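This report concerns only the one structure given below.
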There are 2 protein chains.
Amino acid sequence: MKTNQVINPAGLYEFQNESLNLLTSVLGVSKAVSYIVDEQARPICYKTYHMQSSMHREYMETYHKLDPLHPTQFSEQDATVVKMNDLVSTQNRYNHPYYTNFISPWGVQDIVELFLRVDNRLVAGFALFISKQQSELRSADINKAEQIHRFMQFSLEQSYSSPKQAQFDHFCTAFQLTPKERMVVQLVAQGLPNKTIATDLNCSLATIKTHLQHIFAKLEVNSKTEVASLLYQTH
Amino acid sequence: MKTNQVINPAGLYEFQNESLNLLTSVLGVSKAVSYIVDEQARPICYKTYHMQSSMHREYMETYHKLDPLHPTQFSEQDATVVKMNDLVSTQNRYNHPYYTNFISPWGVQDIVELFLRVDNRLVAGFALFISKQQSELRSADINKAEQIHRFMQFSLEQSYSSPKQAQFDHFCTAFQLTPKERMVVQLVAQGLPNKTIATDLNCSLATIKTHLQHIFAKLEVNSKTEVASLLYQTH
DNA sequence: CTCTATATCAACCATCCGGTTGATACCGGT
DNA sequence: ACCGGTATCAACCGGATGGTTGATATAGAG
């Protein structure tokens with residue numbers, strides 16, 4: 001039972017929306033994706049901005065394995081803002097199927113990835129897509145992204161020590177919820193339907209239903225609305 | 001649009017549970033019922049203690065019209081604790097169908113009713129049932145009931161000026177919810193299924209569904225869980 | 001090396017819920 | 001006298017949800 005030591009991404013979901021909004025409105029990007037990183041360093045809870053769902057599906061099914069900016073590559077590093085075209089030489093890029101078969105056909109020229117960490121652990125990431133129609137990213141743009149990253153990192157640390165977060169943690173530990181169950185509760189508290197929760201957590205509807213059964217049993221309730229209600233009443 | 005002036009029973013439901021628990025655990029009663037009183041002085045949201053559901057059904061269908069302690073009788077008075085056997089003479093009691101056909105067959109000897117008011121308006125009531133097996137209520141018992149009533153009245157006034165109540169009111173007025181819609185939202189926030197909400201509000205399932213459609217439209221959501229979620233997020 | 005906890009998924013069924021349409025009734029303001 | 005807002009109810013449909021059973025896989029504890 002190591003539930004207590006787990007860093008729980010409660011509150012991250014709202015943070016994620018706000019951050020994605022900030023990034024896409026300030027920087028000139030054609031598409032963007034944000035995600036949470038779970039304890040196994042795997043990205044979950046994708047939120048997209050101006051990205052075709054078919055493109056995202058392609059990534060999820062195939063190209064995530066080839067992604068040079070995939071979070072698993074960076075979980076042990078301290079990289080914050082990484083530009084794909086800096087990471088991969090022009091030569092290698094044109095031989096790289098990730099570039100030739102996926103990024104390029106979708107009209108993308110470059111990708112800038114921002115990583116957020118708490119206690120040195122990678123907890124969230126943002127991928128900003130630069131289209132071929134745009135000019136090459138200048139150092140000024142990268143600088144902007146770094147400044148925004150700095151503030152997001154600050155904001156994230158605030159979120160982790162907020163009373164709301166503490167309250168949520170207390171709630172979850174009081175009912176002895178497992179890490180996955182906590183995430184489900186978090187999404188239930190957003191009022192999301194099961195299907196969306198399954199998509200967000202990158203697992204099947206059946207799994208979510210099983211998690212929900214366990215949550216219902218632990219909280220002694222029998223509907224998602226009651227779960228949200230309990231959270232509301234516990235403040 | 002007189003929504004703003006309406007006294008809204010938000011938070012009353014929790015209060016109701018706590019009060020019923022207090023009364024039944026401290027005083028020697030065989031059954032008890034509590035209810036909220038709406039703007040039309042009609043009782044809604046019944047909560048029962050040790051009362052057979054068939055007895056309550058009989059009351060709801062027939063005998064509420066004959067009830068000498070019915071809240072409509074007391075909405076304009078300032079009565080607080082009323083003992084039925086003090087109100088109705090022994091002679092009249094034995095000719096009264098409410099007593100001979102309803103109360104007596106269910107083994108009840110006497111009823112003590114407690115009324116709670118805010119700004120002189122009757123907002124909630126509690127009926128305590130004394131069984132025939134119990135000794136006649138002594139003045140000491142009535143005194144206890146009056147002391148408890150005093151504290152309940154105090155507590156109720158606190159509830160009405162609590163931040164939680166203010167927050168809820170602000171939430172409802174922000175979305176321009178009608179009085180009935182507020183009550184529905186209040187019950188949704190308890191995580192209750194529609195059927196229970198209908199029973200509580202003493203109207204049909206269809207009516208609740210219509211109210212919910214209006215609420216969904218006003219809050220721009222499309223599920224009850226999202227309503228609870230919105231309330232939770234708004235603190 | 002078991003055994004338990006956790007996480008994953010499938011299939012089934014009954015019920016609940018959301019969405020819609022349409023209808024009646026009451027009240028208050030124009 | 002008419003109209004808009006509120007409250008009430010009915011009937012229908014399809015999809016979402018809750019409940020159950022059973023199964024597999026992995027990891028950590030004893």
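Quantities reported herein were computed from a predicted structural model and do not represent experimental measurements.
Put simply, CD1 on B:Ile208 is 9 Å from P on D:dC9, counting in whole angstrom units. The CD1-P distance, from A:Ile215 to D:dT17, rounds to 14 Å in whole Å. A:Gln176 places its CD atom 12 Å from the C1' atom of C:dA5, with the value rounded to the nearest Å. The distance between atom CG of A:Leu201 and atom P of C:dC9, rounded to the nearest whole Å, is 10 Å. Rounded to whole Å, the distance from CG on B:Leu187 to P on C:dC17 is 13 Å. Rounded to whole Å, atom C1' of D:dT8 lies 13 Å from atom CD of B:Gln40. Atom NZ in B:Lys224 sits about 11 Å away from atom C1' in D:dT17, given to the nearest Å. Between B:Lys180 atom NZ and D:dG5 atom C1' the separation is 15 Å, expressed in whole Å.
Of the candidate nucleotides D:dG19, C:dG19, D:dT17, C:dG19 has the atom nearest to the side chain of B:Gln213. The nucleotide whose nearest atom lies closest to any side-chain atom of B:Pro179 is, among C:dA7, D:dA7, C:dG18, D:dA7. Each of D:dA7, C:dG18, D:dG18 was ranked by its minimum atom distance to the side chain of A:Asn222; first place goes to D:dG18. With D:dT17, D:dC9, C:dA7 as the candidates, the nucleotide lying closest to the side chain of A:His211 is C:dA7. Side-chain proximity of B:Thr178 to C:dG18, D:dA7, D:dA16: nearest is D:dA7.
Residues B:Tyr63 and B:Tyr59 keep their aromatic ring centres 6.0 Å or farther apart.
Along DNA chain C, the nucleotide nearest to A:Asn202 and the one nearest to A:Lys218 differ in position, and the one closer to the 5' end is contacted by A:Lys218.
Between A:Tyr46 and A:Tyr35, the ring planes lie tilted relative to each other; the angle falls in the 30° to 60° range.
Using a 4.0 Å cut-off, no side-chain N or O of B:His214 falls inside it from OP1 or OP2 of D:dT6. In this structure, A:Thr210 does not reach the C:dT8 phosphate: none of its side-chain N or O atoms is under 4.0 Å from OP1 or OP2. Note on B:Lys209: every side-chain N or O is 4.0 Å or more away from OP1 and OP2 of D:dA10. The side chain of B:Thr207 places no N or O atom within less than 4.0 Å of a non-bridging phosphate oxygen (OP1 or OP2) of D:dT8.
Taking CG from B:Leu219 and CD from B:Glu226, the interatomic distance works out to 9.5 Å, rounded to the nearest 0.5 Å.
Cation-pi contact between B:Lys164 and A:Tyr232: present, with separation from the ring centre below 6.0 Å and deviation from the ring axis of at most 45°.
If you check every strand for non-hydrogen atoms under 4.0 Å, B:Ser223 touches sugar and phosphate atoms only.
Among A:Thr72, A:Val37, A:Asp78, A:Leu116, the one residue that satisfies the side-chain contact (heavy atoms from CB on, under 4.5 Å) test with A:Leu122 is A:Val37.
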